[in-house]
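Heads up, the thing below is written out as structure tokens.
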Amino acid sequence: MIRLVNLEKSYGSGAARTWVLRRIDLDVQEGEFISIMGPSGAGKSTLLHILGMLDGDWSGEYHFLGQAVHRMKTKERADLNRKNIGFVFQSYHLIDDLTVYENLDVPLSYRNLGRKERQAAVADTLDRFRIVGKKDLYPSQLSGGQQQLVGVARAVIGKPKLILADEPTGNLHSDQGREIMELFRRLNRDGTTIVQVTHSEQNAAYGNRVVRLHDGWIVRDPGTSPAAGKAAEAPAASGAALRMREDPWKP
């Protein structure tokens, strides 16, 4: 589904250049549930935004569903995003002056769907997520857990092939967090590919693979075999970590 080759992102130029991501090689197979982990500033959210085509300022190769994203124009990337990717944010990102029903209808409004199709999709999603009774409420009238539930519902209403989640339980208490993670597990079992950024080892355990970043480098990826290439090391002056490759993950 996803293949990144030597992907890099930086700010500035020359000696003042600050690297955010370095020589990222990553493969994501359809149906995987991957967690990206690492300390603050490791480049996790930046990588997720690139995967979601919300950031186009980078170098290297990005292939998605067999298409070369790195060769696409901005509009082409946006179209590919809308048709295939759902995004779940830590801070919900619901539209405050729209009801739950209207928030769910927003992503459908960008597609070539008739009114009845959209109404049916929203009704099915409200029922699936057990939030029919909340459909006329505004985000300010919902708890944090309920807002995140609506955020997940909005991300999946268009039946995306890929869900990207940036610290999806970061603002929730433990019970609400478990509910969201169990929901992700069910979605993944139904065939949806999920890539999440998390600081939580407990949340990471819901998936089947953990990719670890440090200072913009992948320092551990169980999905990469030793035969794929030698470890790469940045110059000592940069302070970048050794990029390691390990044996394939085994359940």
Side-chain angles (χ1 to χ4, degrees), residues 1-10 19-38 42-88 155 158-166 184 187-188 190-198 204 207-234 240-251:
M1 173 177 275
I2 292 172
R3 181 164 64 94
L4 305 182
V5 181
N6 200 31
L7 187 141
E8 298 191 316
K9 181 176 177 64
S10 64
W19 291 96
V20 183
L21 294 171
R22 298 300 309 270
R23 304 181 194 174
I24 299 295
D25 293 340
L26 181 69
D27 290 307
V28 178
Q29 303 300 319
E30 192 165 355
E32 281 197 285
F33 187 163
I34 294 177
S35 300
I36 300 175
M37 302 190 74
K44 305 183 300 298
S45 292
T46 299
L47 178 57
L48 203 71
H49 280 71
I50 291 173
L51 293 177
M53 304 175 203
L54 304 178
D55 182 343
D57 185 17
W58 42 269
S59 63
E61 296 183 19
Y62 175 11
H63 301 269
F64 180 74
L65 294 174
Q67 301 188 58
V69 177
H70 51 285
R71 294 180 183 147
M72 290 181 174
K73 296 180 180 179
T74 301
K75 185 179 183 302
E76 293 174 319
R77 293 181 183 181
D79 288 342
L80 191 62
N81 173 321
R82 283 195 292 266
K83 292 176 181 177
N84 298 286
I85 299 175
F87 219 114
V88 179
K159 298 181 180 179
K161 292 181 172 64
L162 172 68
I163 290 179
L164 301 174
D166 194 356
F184 281 153
L187 291 170
N188 179 245
D190 289 341
T192 304
T193 305
I194 299 176
V195 179
Q196 69 165 340
V197 161
T198 182
N208 58 6
R209 178 175 157 203
V210 176
V211 175
R212 296 186 185 272
L213 295 183
H214 186 77
D215 290 342
W217 296 77
I218 291 180
V219 295
R220 184 183 181 189
D221 180 3
T224 306
S225 69
K230 296 180 180 179
E233 187 174 8
L242 176 68
R243 188 167 181 270
M244 302 169 59
R245 297 184 184 269
E246 304 195 359
D247 291 335
W249 175 83
K250 298 178 181 179

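The shown structure was predicted, so the numbers you read here are calculated from the model rather than taken from an experiment.
- In this structure, Asn188 contributes its side chain and Gly31 its backbone to a donor-acceptor pair below 3.5 Å.
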Inset, instruction - Before giving the answer on side-chain contact (heavy atoms from CB on, under 4.5 Å), spell out for Met37 and Thr198 the whole-Å C-alpha distance, their side-chain angles and the decisive distance to 0.1 Å. - result: CA-CA 6 Å; Met37 302 190 74; Thr198 182; 4.2 Å; yes
Show me, pair by pair, the donor-acceptor contacts under 3.5 angstrom made by side chains of residues 67-75, not counting sequence neighbours?
from  : atom 1 : to    : atom 2 : distance (Å)
His70 : ND1    : Tyr62 : N      : 3.0
His70 : ND1    : Tyr62 : O      : 3.2
Lys75 : NZ     : Asp79 : OD2    : 3.2

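- Ile50 approaches Lys9 most closely through the heavy-atom pair CD1-CD, 4.2 Å.
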Inset, instruction - Take Trp58 and Thr46 through the side-chain contact (heavy atoms from CB on, under 4.5 Å) test and state the conclusion after the steps. - result: CA-CA 10 Å; Trp58 42 269; Thr46 299; over 6 Å; no
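- By the 4.5 Å heavy-atom criterion applied to side chains, Leu162 and Asn84 are not counted as neighbours.
- Summarising the geometry of Arg209 relative to Pro222, their closest heavy-atom pair is CG-CD, 4.4 Å, with the distance given to 0.1 Å.
- One finds the CG atom of Asp27 at 12.5 Å from the CE atom of Met1 (value rounded to the nearest 0.5 Å).
- Taking CG of Leu164 as the reference point, atom CD1 of Ile194 lies at 10.0 Å (rounded to 0.5 Å).
- Here the NE2 atom belonging to His49 is positioned 12.5 Å from the NZ atom belonging to Lys44, to the nearest 0.5 angstrom.
- With values rounded to the nearest 0.5 angstrom, Arg23 atom CZ is found 16.0 Å from Leu4 atom CG.
- Taking both residues in full, the closest heavy atoms of Pro160 and Gly86 are given as CB-N, 3.6 Å, listed atom of the first, atom of the second, then distance.
- Under 3.5 Å, the side chains of Gln196 and Ser35 contain a donor-acceptor pair of N or O atoms.
- Counting only distance, with no hydrogens or angles, the side chain of Asn81 and the backbone of Gly52 share a donor-acceptor pair below 3.5 Å.
- The CD1 atom of Ile2 sits 12.5 Å away from the NZ atom of Lys161 when rounded to the nearest 0.5 Å.
- Using a 30° and 60° split on the angle between ring planes, Phe184 and Phe33 fall in the perpendicular class, above 60°.
- Side-chain contact between Arg212 and Asp221 is absent, with no heavy atoms from C-beta onward closer than 4.5 Å.
- For the side chain to side chain contact (heavy atoms under 4.5 Å, CB included) with Leu47, the lone residue among Val195, Val197, Leu213 that qualifies is Leu213.
- Between Asp215 and Trp19 there is no side-chain heavy-atom pair separated by less than 4.5 Å.
- In this structure the side chain of Glu8 never reaches within 4.5 angstrom of the side chain of Leu21, judged on heavy atoms.
- With a 4.5 Å cut-off on side-chain heavy atoms, Leu51 and Ile85 do not count as touching.
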